2 protein chains.
Amino acid sequence: MKVAEAAARSGLPAKTLRYYEEIGLITPRRRDNGYRDYEDGDVNRLRFLRRARQMGFSIADCRQLLSLFDDQDRESADVKSIAVRHLAHIDARIEEMNLLRRNLARLVEACHGDGRADCPILDDLSGRPGCGCEPEET
Amino acid sequence: MKVAEAAARSGLPAKTLRYYEEIGLITPRRRDNGYRDYEDGDVNRLRFLRRARQMGFSIADCRQLLSLFDDQDRESADVKSIAVRHLAHIDARIEEMNLLRRNLARLVEACHGDGRADCPILDDLSGRPGCGCEPEET
DNA sequence: CCTTGACGTTCCAGCCACTGGAAGCCTTAT
DNA sequence: ATAAGGCTTCCAGTGGCTGGAACGTCAAGG
């Protein structure tokens with residue numbers, strides 16, 4: 001099948017399919033006229049990639065996961081270790097975001113948000129003390 | 001002061017100071033020899049930018065916040081609306097991440113992670129049913 | 001047989017917010 | 001005089017695409 005159908009079946013934009021080929025993730029055959037020719041197996045791999053990307057795996061991770069996916073002699077431990085690492089990464093990001101959210105929410109609540117110039121948000125950003133959200137400052 | 005000192009005082013890399021000038025955020029004067037010459041006010045603005053970026057505000061937001069910071073006749077409502085919008089954005093991202101984390105954690109727990117090829121993580125990514133994490137699929 | 005239009009192809013540019021590095025100028029110390 | 005270090009500019013790369021231009025291919029209709 002041609003790129004548009006593979007795109008439709010995999011749920012990825014055709015542009016992305018071309019990009020994945022460019023970086024060597026999925027390399028479909030070519031017809032005599034130069035058109036890409038995707039097979040069902042390619043579509044499966046593309047779907048796999050779409051879901052892995054949806055799960056937040058990097059392209060580098062996806063490359064490894066895909067090769068494990070293709071490898072019948074894989075060890076699930078290898079898959080799990082990639083996933084565990086990714087999970088730790090996500091947890092760290094969630095922690096950051098929660099901290100961020102707490103600080104920002106506190107500022108938003110403190111700001112009366114009217115016509116006056118006085119503003120705790122700007123005060124905080126400009127470094128006024130009293131917020132305790134500075135990690136370390138010389 | 002020259003760029004290295006402004007960088008040290010603001011807590012930003014010198015490269016970033018040059019970049020901020022390039023995009024028109026902070027434009028220090030120049031000495032006769034072409035060197036950038038930062039003043040204390042510039043350093044304050046740089047610190048402001050550093051903290052705002054730390055809070056996750058985009059450069060576009062920072063630009064607006066900085067102009068409000070500089071404007072003595074600002075209305076705190078304008079600041080607050082930027083912050084509220086950002087907070088909503090963060091909340092949405094946290095929600096995404098939490099969903100992601102739940103799905104990934106479930107898969108990681110389900111994977112025995114030994115020498116066998118059988119792997120629920122790959123099963124899920126390849127589209128095997130039973131995970132319920134597909135938003136909509138044709 | 002020719003045209004039209006929908007596809008396909010490649011390549012280049014841009015997004016965000018920097019970051020690294022090269023090549024060359026300026027200043028200070030020896 | 002020279003060496004070291006900091007300053008300047010400009011170009012390229014990061015990740016993961018996305019948009020667009022310019023051109024090739026193919027099936028259908030007149």
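Proteins get letters first, then strands, A, B, ... in listed order; numbering begins at 1 in each. The model shown is predicted, which means the values in this text are computed figures rather than measured ones.
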Inset, instruction - Taking all heavy atoms of B/Ile90 and all of A/Met97, pick out the closest pair and write down the distance. - result: O-CE, 4.0 Å
Inset, instruction - Look at B/Thr16 and C/dA17 and indicate whether a side-chain polar atom (N or O) is within less than 4.0 Å of OP1 or OP2. - result: no
Legend entry - Under-4.0 Å side-chain N/O to phosphate OP1/OP2 contact, B/Arg31 with C/dC25: no
Mind checking [X] for me? I need base, sugar-phosphate or nothing, with any heavy atom below 4.0 Å counting as a touch.
X       : value
B/Tyr20 : sugar-phosphate
A/Ala4  : sugar-phosphate
B/Arg30 : sugar-phosphate
A/Arg18 : base

Starting from [atom2] on [N], measure out to [atom1] on [X] and report it in whole angstrom.
X       : N      : atom1 : atom2 : answer
A/Phe57 : D/dG16 : CZ    : P     : 13 Å
A/Lys15 : D/dG20 : NZ    : C1'   : 7 Å
A/Arg36 : D/dT25 : CZ    : C1'   : 14 Å
B/Leu25 : C/dC18 : CG    : P     : 9 Å
B/Lys2  : C/dT28 : NZ    : C1'   : 9 Å
B/Asp32 : C/dC26 : CG    : C1'   : 13 Å
A/Arg50 : D/dC17 : CZ    : P     : 12 Å
B/Gln54 : C/dA17 : CD    : P     : 15 Å

Legend entry - Rounded distance (nearest 0.5 Å) linking atom CD of A/Gln54 with atom CG of B/Asn103: 9.5 Å
Inset, instruction - Look up atom CG in A/Leu65 and atom CD1 in A/Ile82, then write down how far apart they are to the nearest 0.5 Å. - result: 4.5 Å
Legend entry - Quiz item: A/Tyr19 side-chain donor-acceptor pair to D/dG15 base, under 3.5 Å: no
Inset, instruction - Select from B/Ile59 and A/Asn33 the residue whose nearest nucleotide in DNA chain C is closer to the 5' end of that strand. - result: A/Asn33
Legend entry - Neighbour count above 12 (heavy atom, 6.0 Å) for B/Arg30 CZ: yes
Legend entry - Electrostatic pair A/Arg29-A/Asp37, nearest N-O below 4.0 angstrom: no
